Peer 1: 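Okay, here's the structure, questions in a sec.
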Protein chains: 2
Amino acid sequence: MNPVATPSLSTRERILDAAEHLFAQHGFAGTSMRQLTAAAGVNLAAVNYHFGSKDKLIAEVFQRRLDTMYQARLAALKRALATTPPQLEDVLRAFVEPALDLIHDGGSAFLRVMAHAYAETNEPLWRFLSERYGHVLREFGLALAQCLPDADRDTLHLRLDFLAGALTYAMSDLGLPRGADRAATREDQMRYQRIADELIVFSAAGFRAAFLPKPR
Amino acid sequence: MNPVATPSLSTRERILDAAEHLFAQHGFAGTSMRQLTAAAGVNLAAVNYHFGSKDKLIAEVFQRRLDTMYQARLAALKRALATTPPQLEDVLRAFVEPALDLIHDGGSAFLRVMAHAYAETNEPLWRFLSERYGHVLREFGLALAQCLPDADRDTLHLRLDFLAGALTYAMSDLGLPRGADRAATREDQMRYQRIADELIVFSAAGFRAAFLPKPR
DNA sequence: GTCTATAAAGTGATAGAC
DNA sequence: GTCTATCACTTTATAGAC
């Protein structure tokens with residue numbers, strides 16, 4: 001149906017784009033190099049030439065998007081922390097909106113790739129993600145503690161997990177039946193913006209909920 | 001490390017248990033019949049004899065847990081609707097706690113299997129889930145509308161998606177590095193109970209949050 | 001109901017020509 | 001940097017003995 005991706009991009013980029021879309025739909029193990037190179041319109045051997053192996057290609061698919069996304073999260077968090085005390089909604093927006101920005105960059109499928117990563121037990125991948133981006137999550141934890149001084153650390157961490165789950169799940173819901181070369185439509189963007197706004201309202205209320213008595 | 005599962009179970013059940021744990025860790029495509037039958041301590045040909053094919057085995061892994069879980073959700077929802085107006089927390093608990101019950105049945109890995117299903121684009125599987133359990137989700141939608149008469153349907157549906165995402169993600173976080181034959185420990189159960197309680201508090205506040213003006 | 005053996009196709013990776 | 005051809009394996013599934 002859509003065998004060849006935009007030919008104006010470099011071979012390397014076409015492989016990454018095709019990989020992102022196929023990984024989103026079928027997972028890592030469920031996507032073969034043959035499918036992938038056919039969809040990208042490149043030769044089978046090109047993946048190993050440009051990336052070395054399938055595993056290294058997977059890591060590159062993550063790094064390409066997450067470097068940008070976590071940098072944006074950190075920058076937005078810094079801006080939110082400029083006001084004292086920081087506003088909870090601003091901190092949450094700093095977490096959520098960079099995920100939204102993926103859509104403008106043609107990376108709408110990537111959130112579903114993240115969902116696959118969450119579902120899997122892939123030690124090397126998890127260590128890679130944790131080492132490279134863990135400090136940003138820790139900074140969000142500190143910022144949330146500033147917004148909600150009554151909260152204990154465990155509960156805040158749990159609530160941040162709820163937010164991450166809701167974000168990944170609700171956002172990857174969309175943007176699926178699309179070829180590797182099609183940009184997000186205006187409607188897609190509005191729908192995603194709506195989800196982001198609703199998620200901030202929903203989670204802000206959740207974060208402000210009364211804290212349960214510490215167990216034990 | 002743990003090649004043979006409990007031998008007191010029938011071949012069929014040992015296959016299902018091994019499949020559930022391996023699917024949880026590596027997904028469907030990432031789990032081979034050879035791995036699976038070796039872990040279950042049964043012959044390679046046994047899967048095809050008992051289930052017909054790998055795909056039918058996958059469907060059976062879902063059906064075994066979801067039939068119980070959705071029946072429990074529906075029963076708990078009925079109880080919550082006995083009081084008028086129904087209490088939001090009761091409705092949310094009816095949705096969340098049956099997932100928790102999986103742990104007592106040794107199905108703690110199953111929530112991660114669900115996470116894989118969400119991440120994937122598997123048309124037949126989605127149709128199966130939607131046809132078999134969709135009506136329960138619609139009943140939850142109606143119940144939530146009774147609890148929150150000011151809400152519009154779209155927003156409620158979105159917030160229910162947030163809850164489902166947070167539930168799947170936060171609950172599948174745990175219960176992983178366990179052999180197919182080990183039961184959940186008392187600590188596991190307490191930790192899961194804590195997550196469930198916190199999730200109900202968090203999402204109840206989220207559901208009660210002010211509703212954004214309708215877009216457009 | 002369980003086994004062995006094997007068919008038929010697909011897998012990631014690479015050597016070597018151009 | 002791109003290609004073809006191919007290696008060495010693994011995959012699901014099944015035929016047929018016991």
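No experiment lies behind these values; they were computed from the predicted model shown. Residue numbering restarts at 1 for every chain, and letters A, B, ... go by the order of the sequence lines.
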Peer 1: Within the 4.0 Å limit for protein heavy atoms, which parts of nucleotides 13-18 of chain D are touched? Write it as a string from 5' to 3', B for base, S for sugar-phosphate only, - for none.
Peer 2: BB----

Peer 1: Output side-chain donor-acceptor pairs under 3.5 Å for residues 158-168 of chain A, partner residues at least two apart or in another chain, one line each.
Peer 2:
{"residue": "R159(A)", "atom": "NH1", "partner": "G206(A)", "partner atom": "O", "Å": "3.1"}
{"residue": "R159(A)", "atom": "NH1", "partner": "F207(A)", "partner atom": "O", "Å": "2.9"}
{"residue": "R159(A)", "atom": "NH1", "partner": "A209(A)", "partner atom": "O", "Å": "3.2"}
{"residue": "R159(A)", "atom": "NH2", "partner": "A210(A)", "partner atom": "O", "Å": "3.4"}
{"residue": "T168(A)", "atom": "OG1", "partner": "A164(A)", "partner atom": "O", "Å": "2.8"}

Peer 1: Checking R127(A) now: which residues fulfil side chain to side chain contact (heavy atoms under 4.5 Å, CB included) with it, not counting sequence neighbours?
Peer 2: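 Only E123(A), E131(A) meet the side chain to side chain contact (heavy atoms under 4.5 Å, CB included) criterion with R127(A).
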
Peer 1: Between atom CZ in R12(A) and atom C1' in dT2(D), what is the gap in whole Å?
Peer 2: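 Checked: the CZ to C1' distance equals 16 Å.
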
Peer 1: Is the phosphate of dT2(C), meaning OP1 or OP2, less than 4.0 Å from a side-chain N or O of T11(B)?
Peer 2: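 Indeed, a polar side-chain atom of T11(B) lies that close.
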
Peer 1: Around atom NE2 of H157(A), are there more than 12 heavy atoms from other residues, nucleotides or ligands closer than 6.0 Å?
Peer 2: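 Atom NE2 in H157(A) is not packed in, count stays at 12 or less.
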
Peer 1: Can you tell me how far C1' of dT11(D) sits from NE2 of H26(B), to the nearest Å?
Peer 2: 17 Å

Peer 1: What side chain to side chain donor-acceptor pair (under 3.5 Å) pairs are there with at least one residue in residues 45-58 of chain B, not counting sequence neighbours?
Peer 2: none

Peer 1: Does OP1 or OP2 of dG1(D) have a side-chain N or O of N43(A) closer than 4.0 Å?
Peer 2: no

Peer 1: Report yes if a side-chain nitrogen or oxygen of S32(B) is closer than 4.0 Å to either non-bridging phosphate oxygen (OP1 or OP2) of dT10(D); otherwise report no.
Peer 2: no

Peer 1: Rounding to a whole Å, what distance do you find between R14(B):CZ and dG1(C):P?
Peer 2: 14 Å

Peer 1: Can you give the donor-acceptor pairs under 3.5 Å from side chains of residues 88-95 of chain A to other protein atoms, not counting sequence neighbours?
Peer 2:
{"residue": "E89(A)", "atom": "OE1", "partner": "R208(A)", "partner atom": "NH2", "Å": "2.9"}
{"residue": "E89(A)", "atom": "OE2", "partner": "R208(A)", "partner atom": "NH1", "Å": "3.1"}
{"residue": "R93(A)", "atom": "NH1", "partner": "E97(A)", "partner atom": "OE2", "Å": "3.4"}

Peer 1: Quick one: side chain to side chain contact (heavy atoms under 4.5 Å, CB included) partners of E13(A), sequence neighbours excluded?
Peer 2: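 L9(A), S10(A).
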
